[in-house]
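What follows is a set of notes on a single structure, which appears directly below.
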Amino acid sequence: MASSSDEPLPKFHERVGSLVQLSNENRTAQRNHPAQEFNNGVAISRDPLKEDQLFEVKIDKKVNSWSGSIEIGVTTCDPNNLNFPISATGFREGTWVMSGSSILKDGHSITEEYGADLDQLSEGDTVGVMVNWKRELRFFVNGVDQGIAASDINSKVYAVVDMYGKCAQVSIIRPGSVHRTDNNITSNDVASQIANEFLTQLSNQIVNDLTRSADILSTSNTSNAEASPSNDMLTFHQKCGSLIKLTNEMRTAERKRPLDEFNNGVVMTNRPLKNDEMFEIRLDILVDKWSGSIEVGITTHNPGTLDIPATMTNMRSGTIMMSGCGILTNGKGTRREYGQYNLDELAEGDRIGLMRKSNGQLHYYINGQDQGVASNETPQTIWGVVDLYGMAVKVTILDRNDPNYPNNIQNTVTRNNVFRHFPDLYDEEALEVTNIGEDESDRLLFHTSCGSHATVMSGQRTALRPNAMDDFNNGVVLTTRTLKPDELFEVRLDKMIDKWAGSVEIGVTLHCAEELEFPSTMTNIRSGTWMMTGNGVMHNGTTVIDEYGQNLDRLKAGDRVGVRRRADGTLNFYVNGIDQGQAATNVPENVFGVVDLYGQAAQATIIDRYDSLSSPDAESSSMVETEELRFHHVHGQNAVIVNNGRTATRPNATGEFNDAIIMSNRPLKDNELFEIIIEKMVDRWSGSIEAGVTAIKPEDLEFPNTMTDIDYDTWMLSGSAIMQDGTTIRNGYPLDLDLVTVGCRLGMMRCSDGTLHFYYNGRDQGVACSDISSGVFAVIDLYGQCSQVSITSGSGVLPTDNNLLQNSTDLSIISPSDVTHKFSQCCGKNISIKNNGSSACRTRNFNHGLVFSSDPLKRDELFEIRIETLSKVWSGSLHIGLTSSAISDSTPQSLVPTRATELVSKPTWVVLGSEVKKCGSLIKENYTPSLYRLEIGNRVGVKRCADGTMHVYINGEDMGIAASNIPKNVFAVIDLYGSVESISVISNSGGDNPMLASQVSTVSELVEIDKDQDQDTSSDVSFHGNHGKNIILSAGNCTACRTGSYNQAVIVTSCRLKRNKLFQIKVDKLNPCWSSSLVVGVLGFTPDRFNFPVSAIGIKKSCIVVQADSVYSCGVKVKSKYGPNLDQLKIGQTVGLLIDNDFCLHLYIDNMDQGVAARDIPYPCYGIIDLYGQCEQWSRRNELKSPVFIAEDREKADFDEVVKEKSGRINIVEPNLVQNCEHQNVCSRIKLLLGIPDGYFDPSMNICYCDVCHKLRSDEMYHCRGDPPKEFALPSSWCKFSFKLPNKAHTLNVQDKWHSAYYGTRMDLLRRIVDTGDLHVSGSESGSCSILTSSITKYTEKSRPETCGLKPVYLSPTIKYAGCNEFSPKYKLTDPKTKKTYCVRIGLQVWLKPGSYKVGPQSLGFDEQIDPKFKNNELEWSTKERGSIMLQSLLIKIE
């Protein structure tokens, strides 16, 4: 080998990368603009390397702007005629490069883990490359030989150095010593390492060969086509996304620059997948920066000919992808809830697989577990696809023949699966004893390493918080060992204190006590942790089940709480030995038990299961033998039986709507009533509980999705239809199960005469069907809205005299005793609660007298009080209403405001005097006789009815609808204000008997409403006989004429208006002698006995009308400048009314929707028309034309309805003035490049504000919006793509009440903002001080301050300011159709809550006025309040 001292120092060739500058006689190379550019930094040696010549460079300078660093190697390419690539990995034709710790040949990885990681080197470190006399390639790091990287290297190669990423400057140096590469010089450590690696590889190869041989022998009878050769192994195709780097023989894919880019990471398989072939990948690296994660699927497109898209969800043909927890077909969502996993929540190391079975079905597999059928019809020729999107950075294809493949299938799992299908073959208690283990010395103990406020004692079996009165957290304790399969970890609460809110939390975690950095609460841990907290379940700090089981915050000393991970990976929690049901699935093995002594929980002790081996499971074989009725332990897969077999629930009620059939544990006897009470319902699905009987034994039944799918020996009541063997045999049964509510009791009985009777709240509804065989089982299907029922004490054999049962009005035989309502212990500071919560007294002053019901009111439940004492010293009187604030006995008194009208943090409706107020704002006047006139002994009550309306009762008389659209789970609120000093509760939670008649009538009315909705009544709409005195009807009630004067011509429809049915009239005659004209609207009560005023504006009770261009509610103007002026109507024009699904009133003029006139209208309601002023005659249109509707596409996040009897929401489509605006077309194509799924948008509301469209519409440039009104400018020259508004937007009435503002943003932040709907999430990425800065500290719901960690979000009322370069920088994007490049800006139009922001001056230093309408000192609106911003639309501007 030539001595380094004898040779001149090498130099770089004068031809280098485009950003490289040479100096120091071409021995130093630097990359220009290293903070702005990360590549184009390649330099090559001037001369070929000689044998054993070490080419070594020193890193002079590094920057921290990028990932990646120096890359070095050799190439056969001659620099004199070389077109330099942007990086060394782009070389071909004989190039070997060391990148990171990998070796690449011609851009493809040949060695994944070779030596030291070059990315970790610092300034001053050296890197060298040498080809020795054996033609072996070796690399050196700081003078240390890293071993053989490759062999058979060409004789003529040049050294290559790539100053990539962080590396900004290098210099060639002279090696300090001679580096021989003979074997006898190799150090013992290196030789030992090489030998160990060789032996490991050799053993793995032997195992692989044996495994493959065994597979060949076991499949010797199969066809040769199924025996795939080794060269047919699945790899990734070399054609992939622009940011993908393929290594590990094309089996590993990694997205480059993961902290800067979130897409362009699509990779596909090198060949089509075979039938029943598993394509499986492992998640290797994730980054916690973006929203969304990996997406996996199949496509019919050949990667060799496909133009790889930015994301696969942009493909509109031949593609099926799993994204999040849903399935997308050709970019459109086809299933919202698929499987048991969300791909966005997977962790590093998790496995995702898919398989096209020979029957054409597509299945996904997560960590080896089949997630079921994703698609029934899959094309024959398909390629596997992986989209490294968002958080997903690196994946590797797995080979199931590899002995290191993670195999979690155990005999216990197989055995338990057999037991699940054949439950009679085992005794669960005996199984538990077996699983506990044979060594009693291996008992569960608490680890001595625990939270800072906790300590362990009593032989490590007791944990406590010694200073529990001074601190409430940092009480986390873990077990000393992992839990065994099916082992119950249970603790007893020894000590509780009542100072704090919250209580014990229990769960499992993958973290051990020695390595865990203990958090303040365990719910702060963001990986490998499952906890039950309150009555919900959290996974990695995120709530996954809101209402799971018994509330842990209500446990007392002596209560027990436990957790068990079963062998099949399911997780169950236990309270006092009762299984609360399945909380999670696919929980990995080797989890530790964890208890968080939080809040009230001060001490807990592990219960020794060796002393008490009784199983906590409620399911026991002895139940089958008992005479007492219970639910059978065999049931539908989505149902859970708890409470010793007396309660059945569907835990994931908001995610699943069926597969929850439950049956009685034994056949019913003759005349035996099986009665249940409905305990929980969800307001999500259509349809509800179904009930009936079947002659099929539970053990013999293959449980279907719904019981009405059974076609033999089954009789069911579904809605009001009686079905036998899946076929309707009778409609219109007196009981409609779709109308039942929480608290209702439902029963069924097979009588001795063979007839089937159903019972509702103890009353026989009559014969449903006859000829029922004896020995039938009761069946309940927890379908749709119904999520939980319990067997009542009323079940049992009743007297055989059915007539007596049917006619009796005494319901005490089968109804449990009523429970008197109580006041909550949470009350105003001047209130004293007495008599066990049944009385409340104000002890001093005139205010601070708020009291609440102890529990939320059920549907149609009346909460009534009686006034006991009055004081004439004070003025004013009692206030009463409903609040959605969460009230409990532990709510601090400091949170209770002075008066009921100050309850504004949550929606609250209060009646005071004769007015109705919502959150302190007046919504209705003259509602009721003044409450100021109440006397001692008067009764006042409040009720939330099943139709979502609030009613107030005075001395038993219903005052009518006070407010509409009241949410569920509201509490009664009463303010003992002014003269009223004490009250007492007189109502019962079971419902007052005096109100029974009104409740029955309410149900009857609902039945009538529902029947009306199901009928098409568009043919004839009649008008009520009670109308204004100047009205005459003619032409078969199709024409109305005013006979005299200009008023007293109000007329009302005789039937209620139907939702989504357009009611229209035509103006026939006008008299110009009068002013004003037609008035139209809706009336919220029956007009039977109403004395109409002279005009519709004079109706002060539950009436909304449109007059001229204003909207009036109960005679009070609530909106102005609405629609065209009705006073300017011409003869022949049509006027229409429509009520949509959100109870919003729309006005139509000549079939054109004028938008929402009013929200939260009273429903059911009647149409009202006032032939006022000029309008003297109108006629009803014979053909009621409905507006044009289009069904929304079901996108990635748009799955709110199910198929069964659920119609999709509809959008009213308005005609565009410009049918084919080129500006809008270009912006629409640019929008597709942003990677935002179409499901976020409402295409019917898109508006182009280019000059042409703007002039054609004659838009006013400035508008007012909100309460109080606030001006904003239209986004001139921009194109607007409206988002679909969430349901809460309609509840909050943001379109009328909130202000409109603009927000400029960057393209890389857009997807995350849209995914979360929150501008605050971009805080850590934004670079401008006027947007967001710094990262957000993570808290739990318990510990997060309201605005902790948030920087202000800056918005503006004009896009001219929000669209400046500082907020909305320009990006160059190419139109995919025309290939023309545009400069594009991105912005957002948002709704902004009034009072949540501050108005300030512009901060960009402009001297001239930015917008002529707004002063520069009022252009920046800033807010830190979460929930105060709601996305309205995406704005795009092209230049």
Side-chain angles (χ1 to χ4, degrees), residues 501 823-833 840-854 856-857 863 865 871 874-925 927-928 930-932 934 940 942 944 950 952 962-963 965-967 969-983 1160 1266-1268 1288 1291-1294 1297-1298 1345-1347 1393-1398 1423 1425-1428:
F823 291 121
S824 172
Q825 295 300 316
C826 171
C827 56
K829 68 179 183 180
N830 290 339
I831 287 293
S832 173
I833 304 296
C841 177
R842 194 180 75 241
T843 56
R844 59 194 177 94
N845 293 338
F846 62 92
N847 54 7
H848 286 289
L850 284 184
V851 291
F852 305 91
S853 59
S854 59
L857 299 187
F863 187 90
I865 58 96
S871 173
W874 310 108
S875 61
S877 185
L878 172 141
H879 307 161
I880 189 168
L882 298 173
T883 179
S884 57
S885 299
I887 305 298
S888 68
D889 291 344
S890 60
T891 302
Q893 194 177 68
S894 59
L895 299 181
V896 180
T898 306
R899 297 184 59 183
T901 52
E902 297 175 6
L903 282 168
V904 295
S905 60
K906 296 290 184 180
T908 302
W909 298 261
V910 176
V911 176
L912 64 160
S914 59
E915 300 174 340
V916 183
K917 291 189 175 183
K918 178 182 178 181
C919 297
S921 300
L922 180 66
I923 61 173
K924 187 172 292 189
E925 293 181 325
Y927 163 67
T928 180
S930 178
L931 299 184
Y932 298 151
L934 293 175
V940 184
V942 64
R944 181 202 180 273
M950 181 179 85
V952 170
N965 292 332
I966 309 297
N969 298 321
V970 289
F971 292 78
V973 56
I974 298 145
D975 190 352
L976 274 68
Y977 184 81
S979 59
V980 176
E981 289 192 335
S982 66
I983 58 176
D1160 299 334
D1267 184 15
K1288 67 177 181 180
T1291 304
L1292 298 175
N1293 199 7
V1294 297
K1297 299 295 186 181
W1298 288 23
E1346 186 67 24
T1347 57
K1393 182 180 179 181
S1396 66
Y1397 63 93
K1398 298 179 181 179
T1423 178
E1425 182 178 332
R1426 279 192 181 275
S1428 63

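Residue indices begin at 1 and follow the sequence shown.
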**Asked** Checking side-chain contact (heavy atoms from CB on, under 4.5 Å) for the pair F823/I831: CA distance, chi angles, key distance, verdict?
**Response** CA-CA 11 Å; F823 291 121; I831 287 293; over 6 Å; no
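- Among all heavy-atom pairs drawn from T1423 and S1396, the shortest one is OG1-O, 2.8 Å.
- Judged as a salt bridge (charged side-chain N to carboxylate O under 4.0 Å, His left out), and not counting sequence neighbours, the contacts of K1393 are E1425.
- Within the 4.5 Å cutoff, no side-chain heavy atoms of L931 are placed close to those of H879.
- Rounding to the nearest 0.5 Å gives a distance of 10.0 Å between CG of L895 and OG of S885.
- Taking CZ of F846 as the start and OG of S875 as the end, the distance is 8.5 Å to the nearest 0.5 Å.
- The shortest heavy-atom contact between T843 and S832 is CG2-CB, 3.9 Å.
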Would you tabulate the side-chain donor-acceptor contacts of residues 905-917 under 3.5 Å, counting partners in other chains and residues two or more places apart, or write 'none'?
residue	atom	partner	partner atom	Å
T908	OG1	T883	OG1	2.9
T908	OG1	L903	O	3.4
T908	OG1	K906	O	3.0

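- Here the shortest heavy-atom pairing between C827 and I833 reads SG-CG1, 4.0 Å.
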Check your understanding: Hey, mind stepping through V896 and K829 against side-chain contact (heavy atoms from CB on, under 4.5 Å) and telling me if it holds?
Key -> CA-CA 8 Å; V896 180; K829 68 179 183 180; over 6 Å; no
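- Nearest heavy-atom pair across A962 and I923 is O-CD1, 4.4 Å.
- Side chain of N847 to main chain of R899: no donor-acceptor pair is present (N/O by atom type, distance under 3.5 Å, no hydrogens or angles).
- The distance from the CG atom of L934 to the CD1 atom of I880 is 9.5 Å, given to the nearest 0.5 Å.
- Atoms NZ and OG, on K1297 and S921 in that order, are 7.0 Å from each other to the nearest 0.5 Å.
- Rounding to the nearest 0.5 angstrom, the gap separating the CG atom in L882 from the CE atom in M950 is 5.5 Å.
- Here the closest heavy-atom approach between residue S1428 and residue W1298 is recorded as O-CZ3, 3.6 Å.
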Would you list the atom pairs, donor with acceptor, under 3.5 Å between side chains in residues 970-981 and any protein atom, with sequence neighbours excluded?
residue	atom	partner	partner atom	Å
D975	OD2	A900	N	3.0
S979	OG	G876	O	2.9

